[in-house]
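Notes to accompany the following structure.
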Amino acid sequence: MTSDSISRRAFLQRGAALSLAGTAAPFALNLATLAEAAAQTSGGADYKALVCVFLQGGNDHGNTLIPFDDGSYAGYAAARGGVALAREGLAATALSTTLGGRQLAMAPSLAPLKPLYESGRLAWLLNIGPLVQPTTLAQYQARSVPLPAKLFSHNDQQSAWQSYGPEGTLAGWGGLSSDAVMSGNGRASLTCINTAGNAVYLSGRSAVPYMVNPAGVPSLYALNGGLFGSAACEAAFRQLVTQTSQAHVMASEHARVMARAIEVNAQLQTALAATPALATAFDVANPLAQQLRMVAQLIAARSRLGMRRQVFFVSLSGFDLHDNLLSRHALLLGQLASALVSFQGALDELNVAPNVTTFTASDFGRTLSSNGDGSDHGWGGHHLVMGGAVRGASLYGQLPSAGLGGENDTGQGRLLPTMGVQQLAGALGRWMGVSSTDLNTINPGLGAFNAGTLSSLLTA
């Protein structure tokens, strides 16, 4: 490979991260559309999509799923102190499922999700988090096995959840899984779509994130009446940024990408304009609900765009609650529940509920012990998986001790994960149609984990 080829590839990979960054500078438009468009196919019955809902800041799992049986609640309350939720307020959200005689309740503000759980369309994953390999507490304490880099760091653990590597890693497991299944899409550049800004999760070797905002597909300002109000200026600008016969390889490649970006952007706008508006209501004041509304609208346009496999990324911020935990966390979980219920309702409206699987992720869990008014950075935590293909009304994984000092407590109630992110990624990838060989390449160390833990999570 020549040095020009290497430079060109590096430029394209890094430039892709700027795509469709809202209505910012023209050159931020849609550099993610460099992926080659595949042959046009139907986005009909053979459609599957993953939706990652990232809870930015580190969700407090201790007040998300709460021990409810008498003995377990006592250990929880002693560990949490002043940030413990009152047991009498948990009866309405107590789950019918038990593990070894122990019972859990969802936070009261997650009550709208209980019908989805009890009807078998939502499941909980217990104590999941980034791991290099299955690790015991003794191994962690002795540092005798590889561990994720820079534990308890926001940026690095966000990256570890999404890519298994620290901040700066270039490809995530959502994008790499997309590489393996995107060939059947009518527009490969629309395989990975992000409504929340850059995230390594959606970056692959070929797949790159196409960014939209919750209000729709931004137009290129200079090509929609914004360049001095002059048609001649717009025409000159279009020629300048799309002229591929330029001497320098970088300039020529940039022009090729821009030309395709403008084309794909227009096609997506046209497809969305031709797609009927959703009847399902989404809270206009809820930022996550508005992102998921846009995802649902994009899914509704799948056939017009010839899409068969897609991966989406949305996020809700504000979970770094070192203080004001009781008040702020309840509001955030309420937004999460409202948005997820509306989204699942929209999928039902579109008759694609079995074709879309939604899951939550976060930087890390938090300490079970309180710092007085909140909790601090942790490691493992509890997360949900939702959709028509989910074998729900179930708890997957190992339920940690309710109080401090348990077999997975690395200190202050920071949980050593007993389920690796690789296991979730493997289960979701298999459901999307990624081959076993590719799954093991995408998810390093997958073979060392208990493959049976999530083998029954999803129907085919």
Side-chain angles (χ1 to χ4, degrees), residues 12-25 27-35 48-57 155 158-159 161-163 167-179 181-182 185 187-220 257 260-261 264-265 267-269 271-272 287-302 305 307 309-317 339-340 343 356-363 425 428 432:
L12 292 176
Q13 288 178 327
R14 287 155 180 78
L18 299 175
S19 62
L20 271 180
T23 53
F27 291 102
L29 173 73
N30 206 358
L31 291 176
T33 55
L34 63 96
K48 288 185 177 180
L50 297 177
V51 182
C52 175
V53 179
F54 205 86
L55 310 179
Q56 301 276 0
N155 292 351
Q158 286 178 14
S159 181
W161 241 102
Q162 298 176 33
S163 71
E167 184 179 20
T169 303
L170 295 180
W173 54 269
L176 292 170
S177 296
S178 296
D179 287 344
V181 297
M182 68 193 295
N185 284 339
R187 275 291 174 185
S189 51
L190 297 177
T191 302
C192 297
I193 298 183
N194 192 331
T195 69
N198 290 331
V200 68
Y201 171 72
L202 291 180
S203 295
R205 294 186 179 89
S206 299
V208 287
Y210 182 102
M211 297 187 191
V212 300
N213 65 47
V217 182
S219 298
L220 183 56
V257 170
R260 185 176 297 149
V264 174
N265 196 54
Q267 289 180 344
L268 183 54
Q269 287 179 321
L272 286 173
L288 179 61
Q290 290 307 298
Q291 291 176 62
L292 287 173
R293 182 196 62 81
M294 174 50 60
V295 171
Q297 202 69 39
L298 289 162
I299 290 172
R302 67 197 181 283
L305 296 163
M307 305 305 295
R309 295 292 185 272
Q310 287 183 289
V311 182
F312 299 90
F313 184 92
V314 299
S315 74
L316 180 64
S317 61
L340 290 179
F343 183 58
V356 181
T357 298
T358 304
F359 65 98
T360 60
S362 192
D363 314 23
L428 296 175
M432 286 284 279

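All residue numbers in this chain count up from 1 along the given sequence.
Note that the CD atom of Q162 and the SG atom of C52 stand 6.5 Å from one another [nearest 0.5 Å]. Here Y210 contributes atom OH and T191 contributes atom OG1; the two are 12.5 Å apart, rounded to the nearest 0.5 Å. To the nearest 0.5 Å, atom OG1 of residue T360 and atom CG of residue L55 are 5.5 Å apart. Here the CZ-NZ distance, from R309 to K48, works out to 5.5 Å after rounding to the nearest 0.5 Å. For the atom pair F313 CZ and L50 CG, the distance stands at 13.0 Å (nearest 0.5 Å).
For F359, the ring-ring contact (aromatic ring centres under 6.0 Å, His included) partners at least two apart in sequence or on another chain are W173. Evaluation of the side-chain contact (heavy atoms from CB on, under 4.5 Å) rule for A301 yields A271, L272, T275, L305 as partners, not counting sequence neighbours. Partners of T357 according to the side chain to side chain donor-acceptor pair (under 3.5 Å) rule, which considers only residues two or more places apart in sequence or in another chain, do not exist here.
Under a 3.5 Å cut-off, the side chain of S177 and the backbone N or O of G174 do not form any donor-acceptor pair. Remark: side-chain polar atoms of Q269 are paired, donor with acceptor, to backbone N or O of V217 under 3.5 angstrom. Side-chain atoms of R187 never come within 3.5 Å of backbone atoms of V264 as a donor-acceptor pair (strictly under, hydrogens ignored). A donor-acceptor pair is defined here as one N or O able to donate and one able to accept, closer than 3.5 Å; such a pair exists between the side chain of Q310 and the backbone of L190.
Contact record, V200 with L170: CG2-C, 3.8 Å, taken as the closest heavy-atom pair. Closest approach of R205 and D179 over heavy atoms only: N-OD2, 2.7 Å. Contact detail for S163 and A171: the closest heavy-atom pair is CB-O, 3.2 Å. Considering all non-hydrogen atoms of both residues, M294 and V212 come closest at CG-CG2, 4.0 Å. Heavy-atom minimum distance, Q291 versus A196: OE1-CB, 3.5 Å. Contact detail for F54 and D363: the closest heavy-atom pair is CE2-OD1, 3.4 Å.
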Quiz item: After noting the C-alpha distance and the side-chain angles of V53 and L340, does the key distance pass the side-chain contact (heavy atoms from CB on, under 4.5 Å) rule?
Solution: CA-CA 9 Å; V53 179; L340 290 179; 4.2 Å; yes
Practice problem: Any chance you could lay out the side-chain contact (heavy atoms from CB on, under 4.5 Å) test for V311 and M432, step after step, and finish with the verdict? | Solution: CA-CA 10 Å; V311 182; M432 286 284 279; 4.0 Å; yes
Quiz item: Going through the distances and angles, do Q158 and Q56 end up as a side-chain hydrogen bond (donor to acceptor under 3.5 Å, both in side chains)?
Solution: CA-CA 8 Å; Q158 286 178 14; Q56 301 276 0; 3.1 Å; yes
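Residues Y201 and N194 fail the side-chain proximity criterion, which asks for heavy atoms closer than 4.5 Å. Side-chain contact between P209 and S203 is present, with at least one heavy-atom pair separated by less than 4.5 Å.
Put simply, the residue from N213, L288, V295, L292 that forms a side chain to side chain contact (heavy atoms under 4.5 Å, CB included) with T195 is V295. Just one of T358, L298, L202 meets the side chain to side chain contact (heavy atoms under 4.5 Å, CB included) condition when paired with F312; it is L298.
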